[in-house]
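On a predicted model such as this, the values are computed, not experimentally measured, just so you know. Letters A, B, ... are given to chains in the order of the sequence lines, protein chains preceding strands, and every chain is numbered from 1.
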There are 2 protein chains.
Amino acid sequence: MYIYLYIRLLAAGLHCLGLSRGKVSVKSVESVSAGVEKARKSQVTAQDLMDAAVSLLGAHRSVSTLSLREIAREAGIAPNSFYRHFRDVDELTVALIDQAGRSLRGVVREARQRLSLERSGIRSSVEAFMDQLDSDDRYLQILLREMSTGSEAFRHAVDRELTYFEEELRDELVRMEQLTGHATYEPALTAKAITRLVVAMGASANDQGAEQRRELVEQTIVMIRMIMQGSQAMAKRATQDADSR
Amino acid sequence: MYIYLYIRLLAAGLHCLGLSRGKVSVKSVESVSAGVEKARKSQVTAQDLMDAAVSLLGAHRSVSTLSLREIAREAGIAPNSFYRHFRDVDELTVALIDQAGRSLRGVVREARQRLSLERSGIRSSVEAFMDQLDSDDRYLQILLREMSTGSEAFRHAVDRELTYFEEELRDELVRMEQLTGHATYEPALTAKAITRLVVAMGASANDQGAEQRRELVEQTIVMIRMIMQGSQAMAKRATQDADSR
DNA sequence: GCGATCAATATACACTTGTATTTATAGTTG
DNA sequence: CAACTATAAATACAAGTGTATATTGATCGC
């Protein structure tokens, strides 16, 4: 029965998202650098360049170690043609992180779909997160890696995505409190703790194989339950203290 | 009264550590690369090179972006002299991470000293951790940053240090259970959750100013309490289930 | 059909990088 | 003191980098 709390909690905490910004950033980048409203015909698109960059990033290679020429070579264009799409490698990286954010929201949406079929929302959410980690597009991996490395712009982009995730989760915690009567101690803090924990566990799953990753999923689920239980217990105690006073 | 649990928990969870390996790694590195038992006289030591590297690493620059020549320049030696001390920049990086591990144990020791004077062990431990983050030697910063970036060797070195931290914490959780009767649900998992959370929060504190960092410390303390409360509640429920069966 | 236009390439240049080889220098030892 | 030796510096080189400038080649409006 408690499980239902978690179901609604995590899985739906990811809730409405999606489709807010779409392909805006990449498009704007392109039009800015080109400075023209109508591009004649570009055989290699900005997306192709981003794909080339991703394909160069191994399991643990940071974007900051990519060179402009290397990316251009992988995409099959002359080095200078890179400038038609991005001013910098940094600019491409920011676009990559934006795409990773979209990927993250895809995770959320997928978790919601699974929710209707399975039992535990925690499980399905965490599993969806981990699945996305080793999907074909490795955007989520990249996002996690560039969290601590990279210049200001990267980290801001990453932070934006995580904060977004966090706020959705907090809103859902508050909503859940009204529905079920199980209060959460400090919803914003609880959401932050859960988010950071999932991200940290996900990052450490980057190296590992399938079965170790499954183990990690189980661990993460239990950890989240601990936080939820603790938060609810502290909420209950806080109200009791207030009553007795 | 509950606070005393936490006091013993976190602060002492860091317990005995220290002085296990000392300066071994750096020394061995040097003797291997030099291949000689008695160095004539080297005005610039391996430690000087490591210091130079650290001074080059800004707030968010990864070690993998340092060039051999750059480090040598900063240390004031000829590029080729670098080889007298390390074979690679990678080798220097591993030595740096070892040093960071020692720094981490220093944090622990400091937390234990504070413990005898103050009230909350959680607070003093977290504060010690954060203090170490912006101390003169930025080894802890480096360790956190290289956690996700860098080659195999780096991440293994980082993992070693964190696992060590984790195991100490788990042992202390188990010990606490016998002393106070407050059981912990899965001590190893609880220790892992707390460790990862503190590390994640610490990493995100890298950017921020003093007052924001103080806020982060407060948040981290509450988060840890949530985990502890949840773990204890789940332990209690588990035993109750076993009894009623 | 034909200049105009602009995306894509080619060439060029001034750097930086890692390292191999050579030269000078200072410390130890006979 | 002189001869030796290990070390630090100097020089050199091939490779790779970001970008400025010049060149091609296709597409479109007239």
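- Nearer to the 5' terminus of DNA chain D, by closest-nucleotide assignment, is the contact made by B/P79 (compared with the other of A/P79 and B/P79).
- Atoms CZ (A/F82) and C1' (D/dT19) sit 13 Å apart, rounded to a whole Å.
- Contact annotation: A/R69 does not reach the phosphate of D/dG16 (side-chain N/O to OP1 or OP2, under 4.0 Å).
- Under the 3.5 Å distance criterion, the side-chain polar atoms of A/R138 are matched with a main-chain donor or acceptor of A/L57.
- Computed from coordinates, the B/Y83 OH to C/dT17 P distance equals 12 Å when rounded to whole Å.
- A straight line from CD of B/E91 to P of C/dT19 spans 12 Å, rounded to a whole angstrom.
- A/D88 has its CG atom 16 Å from the P atom of D/dT17, to the nearest Å.
- Using a 4.0 Å cut-off between charged side-chain N and carboxylate O, A/D131 and A/R213 make no salt bridge.
- With rounding to whole Å, A/F86 atom CZ is found 16 Å from C/dA7 atom C1'.
- In the set D/dA10, D/dT19, D/dA20, the nucleotide with an atom closest to the side chain of B/N80 is D/dA10.
- Of the candidates D/dT19, C/dG18, D/dT7, the closest approach to any side-chain atom of B/L68 belongs to C/dG18.
- Donor-acceptor pairing under 3.5 Å is recorded for the side chains of A/E74 and A/S55.
- One can place CZ of B/R84 at 11 Å from P of D/dA9, the figure rounded to the nearest angstrom.
- Listed nucleotides C/dA8, D/dA20, D/dA9 differ in distance to A/H85; the shortest reach to its side chain belongs to C/dA8.
- Distance B/L56 CG to C/dT17 P: 11 Å, rounded to the nearest Å.
- Listed pair B/R73 / C/dG18 fails the phosphate criterion, with no side-chain N or O lying under 4.0 Å from OP1 or OP2.
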Can B/E70 and B/R61 be said to form a salt bridge (charged side-chain N to carboxylate O under 4.0 Å, His left out), step by step?
-> CA-CA 14 Å; B/E70 200 177 358; B/R61 188 170 178 192; 3.0 Å; yes
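- Residue contacts shown for B/S67 are limited to sugar-phosphate atoms, with no base heavy atom under 4.0 Å away.
- Without hydrogens or angle criteria, B/H85 side chain to B/V44 main chain gives a donor-acceptor distance under 3.5 Å.
- Side chain of A/E70, nearest nucleotide from D/dT17, C/dA8, C/dT19: D/dT17.
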